[in-house]
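Read the structure below first, then the notes.
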Amino acid sequence: MKIFSLLLTALLGLAQAGSSGTLRIYVIDVEGGGATLVIAPSGQSMLIDSGSPGPAAERDSKRIADAMQAAGLTKINYLFTTHYDGDHVGGAPAANAVAHFDRFFDHGEMDPKWETNASGGARWEAYLAIAKGKRTITNAGDTIPLAGLRVDVVASHGSVIGKSINGGGAKNAFCNPADVKPPNTTENSQSTGVLVSYRGFTFLDAGDLTWDKETDLACPVNKLGRVSLLLATHHGFYNDQSGAPALLWAIQPQVVIANNGPRKGMAANAYERIQKINGLEGLWQSHLALATDAAHNTSDDMIANPEASADCKGHWIRVDVGSDHSFTVTNGRNNFSKTSHVR
Ligand SMILES: [Zn+2]
């Protein structure tokens, strides 16, 4: 009887936290950093990256708290850190204060060979202070135990999966020797990438994974198959370090969301490369790219934050994935939404 009532309590707890058969994703605006909240149909939740350090951490943790409130969450189960650059892990202590993470997933020890920023060591210590004893180091090929979803780690610490997943494995016609770039030597290249799958819907978030690693995932065979939703790598191919066409065009995302900043990512060539995706149904941007002309920004309805940083309201973009093979993207600023059917 006691076991039964404990079980019932656990089930009720999940039902309250969850949203009945939907996977919900919030691309939180942290102005050119990373913070993506994934809420499984079970109610379990995972934040992928935690925004920036310093004064920005207060701003970013408030926006994470706002998304939690919108989702009806009082805590977030996991923090998943793609890599140790400031705009992905710098906000971890402030985010932990609002999200009370139980477990932490990352690609392993921070190595100053890759993370050369002068404040990298201090950020690492601050991360360890909250994560120590609760960390799980991820390798390509691992899965993350988020109940109700399948979460495959497709890249981590400079390696990518050896075997194809998600129906991938076909020879990739977009592999072009002229597009190959030399190995990247920044911490971005160590990024962990995850493919989140739910009832045929797939979402790829690869942090700031670099062009050379994207090519490893795509050539000579596309190891990832086709995906429904892509978080544009590196905030919309910032400085062209990411966004290898061989991967982008082979995985054929139906919808792309860029977590760009007002002046970070989504240059004109990134916009053009995304528009060449066969079957693209929508491009959404966290920000109007202020240095890019209007012809190379997506339509106004699909931009969450048109202002410069000083006036930014920090609106999120939300994705609701139903159990009926549809998914709807909504702009938190104006409630404009579009529904796609999973191919
Ligand atoms: Zn970044």
Side-chain angles (χ1 to χ4, degrees), residues 25-38 47-57 59-61 63-64 79-95 105-107 110-111 114-120 122-124 126-127 138 154-158 181 184-194 203-214 230-244 247-248 256-267 270 274 284-287 289-292 304-305 309 312 314 316-317:
I25 299 166
Y26 288 87
V27 177
I28 299 167
D29 175 38
V30 289
E31 304 200 19
T36 302
L37 176 59
V38 176
L47 184 68
I48 304 175
D49 295 325
S50 49
S52 290
R59 172 199 74 195
D60 292 351
S61 62
R63 292 181 184 177
I64 291 164
L79 177 63
F80 186 103
T81 298
T82 60
H83 65 298
Y84 296 122
D85 280 348
D87 57 323
H88 294 257
V89 75
F105 295 84
D106 59 60
H107 72 57
M110 192 207 76
D111 185 342
W114 305 107
E115 180 47 74
T116 53
N117 188 288
S119 52
R123 280 200 304 270
W124 168 245
Y127 171 68
T138 60
V154 301
S156 187
H157 202 59
K181 289 196 182 189
N184 187 289
T185 58
T186 69
E187 171 66 13
N188 295 320
S189 70
Q190 305 299 296
S191 283
T192 307
V194 289
F203 166 51
L204 180 64
D205 180 345
D208 293 354
L209 193 68
T210 47
W211 186 293
D212 52 328
K213 307 299 180 195
E214 291 178 316
L230 172 70
L231 187 70
T233 324
H234 205 180
H235 319 288
F237 314 157
Y238 182 47
N239 281 348
D240 234 17
Q241 284 188 32
S242 303
L247 181 68
L248 182 70
V256 176
I257 300 177
N259 59 351
N260 63 318
R263 296 185 182 279
K264 184 176 179 186
M266 289 312 295
I274 290 168
W284 302 70
Q285 294 173 205
S286 288
H287 274 269
L290 296 174
T292 306
N305 299 287
S309 282
C312 178
W316 37 252
I317 296 169

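Position 1 is the first residue of the sequence, and the numbers go up from there. Just so you know, ligand 1 is whichever comes first in the structure, and atom 1 is the first atom listed for that ligand.
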- the Zn ion (ligand 1) neighbourhood, protein N/O/S only, threshold under 2.8 Å: D87 OD2, H88 NE2, D208 OD2, H235 NE2

- Message: Rounded to the nearest 0.5 Å, what separates atom OG1 in T233 from atom CH2 in W211?
- Response: 10.5 Å

- Item | Interatomic distance, E31 atom CD to N305 atom CG [nearest 0.5 angstrom] | 7.0 Å

- Which of these, L79, T36, V38, sits in a side chain to side chain contact (heavy atoms under 4.5 Å, CB included) with L47? L79

- Query: With a 3.5 Å cut-off and no angle check, do the side chains of D106 and Y84 form a donor-acceptor pair?
  - Reply: yes

- Classify the ring geometry between H107 and H157 as parallel (under 30°), tilted (30 to 60°) or perpendicular (over 60°). tilted

- Message: So, using salt bridge (Lys or Arg N to Asp or Glu O under 4.0 Å) as the criterion, who are the partners of D49 when residues are at least two apart?
- Response: none

